[in-house]
Amino acid sequence: MSDVQQRIHETVTNNPVVLYMKGDARFPQCGFSAAVVQVLKLCGVTDFVTVNVLADEEIRQGVKEYANWPTIPQLYIKGEFIGGCDIVKEMYQSGELQPLLADIAKS
């Protein structure tokens, strides 16, 4: 496993919720990233790790290879790749996302 792949693996396995995105939670730099942040907040998750892929070219490319998923944002919950913006929104609307976040969400 390359150094960047190892860094990604450690980040997603050592933190309950990780979002690889453009910008950060307080200042998303694309609408897709902002939408995932909004869904997490609607689920009651306010404490999550964001990684700004625009700040690190190796991470930007490495995370796409790590998940075998070509786009950003990418959401990981408890080390598992969940998906990008459309999948996260669909899972929220269908009620599938909330149980994954139930023990992480702040009431």
Side-chain angles (χ1 to χ4, degrees):
M1 188 180 288
S2 71
D3 178 54
V4 72
Q5 296 294 310
Q6 186 63 37
R7 287 182 6 216
I8 293 165
H9 181 74
E10 288 174 8
T11 300
V12 301
T13 56
N14 292 330
N15 297 285
V17 179
V18 179
L19 178 59
Y20 286 87
M21 62 181 288
K22 294 177 181 176
D24 61 43
R26 290 184 297 153
F27 189 66
Q29 295 183 2
C30 86
F32 299 114
S33 294
V36 176
V37 169
Q38 181 181 18
V39 167
L40 288 171
K41 290 180 179 178
L42 287 170
C43 289
V45 179
T46 57
D47 186 23
F48 54 95
V49 172
T50 59
V51 179
N52 181 358
V53 299
L54 298 176
D56 188 330
E57 175 66 29
E58 286 184 333
I59 292 288
R60 181 167 50 249
Q61 289 308 114
V63 75
K64 293 174 184 180
E65 294 166 10
Y66 183 82
N68 196 25
W69 191 260
T71 60
I72 303 294
Q74 292 185 10
L75 178 64
Y76 294 80
I77 299 173
K78 299 175 188 166
E80 182 180 342
F81 174 64
I82 302 301
C85 180
D86 290 343
I87 291 170
V88 170
K89 289 188 335 187
E90 261 185 51
M91 288 179 72
Y92 173 73
Q93 290 170 347
S94 71
E96 294 175 74
L97 188 62
Q98 294 83 334
L100 298 176
L101 296 168
D103 63 334
I104 300 166
K106 307 280 189 234
S107 300

S.K.: Could you give me the CA-CA distance, side-chain angles and deciding distance for V37 and M21, then say whether side-chain contact (heavy atoms from CB on, under 4.5 Å) is met?
M.R.: CA-CA 9 Å; V37 169; M21 62 181 288; 3.9 Å; yes
S.K.: Evaluate the side-chain proximity of I59 to V51: yes if any heavy-atom separation is below 4.5 Å, no if none is.
M.R.: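 SC-SC contact between V51 and I59 confirmed.
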S.K.: With no hydrogens and no angle check, do the side chains of E10 and Q6 hold a donor and an acceptor under 3.5 Å apart?
M.R.: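 Yes, a side-chain donor-acceptor pair sits under 3.5 Å.
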S.K.: Mind running side-chain contact (heavy atoms from CB on, under 4.5 Å) on D24 and Q29 for me, showing each step along the way?
M.R.: CA-CA 8 Å; D24 61 43; Q29 295 183 2; over 6 Å; no
S.K.: Answer yes or no: does atom CG of N68 have more than 12 heavy-atom neighbours from other residues, nucleotides or ligands under 6.0 Å?
M.R.: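 For N68, atom CG is not crowded (no more than 12 foreign heavy atoms under 6.0 Å).
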S.K.: Go through the steps for L97 and E90 under the test side-chain contact (heavy atoms from CB on, under 4.5 Å), then give the verdict.
M.R.: CA-CA 9 Å; L97 188 62; E90 261 185 51; over 6 Å; no
S.K.: Are the side chains of D56 and R7 in touch, meaning some heavy atoms are under 4.5 Å apart?
M.R.: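 Yes. Closest side-chain heavy atoms under 4.5 Å.
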S.K.: About how many Å separate CG of L40 and OG1 of T50, when rounded to the nearest 0.5 Å?
M.R.: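 CG of L40 is found 10.5 Å from OG1 of T50.
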S.K.: I need the full list of ring-ring contact (aromatic ring centres under 6.0 Å, His included) pairs touching residues 77-101, with sequence neighbours left out, sorted by first then second residue.
M.R.: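 Every pair satisfying ring-ring contact (aromatic ring centres under 6.0 Å, His included) with a residue in residues 77-101: W69-F81, Y76-F81.
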S.K.: Given the rule in the side-chain contact (heavy atoms from CB on, under 4.5 Å) test, do I87 and L75 qualify, once you have shown the distances and angles that lead to the verdict?
M.R.: CA-CA 10 Å; I87 291 170; L75 178 64; over 6 Å; no
S.K.: Could you check whether atom CD of E80 has more than 12 heavy atoms from other residues, nucleotides or ligands sitting under 6.0 Å from it?
M.R.: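 It does not: E80 CD has 12 such atoms or fewer within range.
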S.K.: Should F32 and I72 be regarded as members of a common hydrophobic cluster, given that ILVMFWY residues are connected when their side-chain heavy atoms come within less than 4.5 Å of each other, either directly or indirectly?
M.R.: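 F32 does not cluster with I72.
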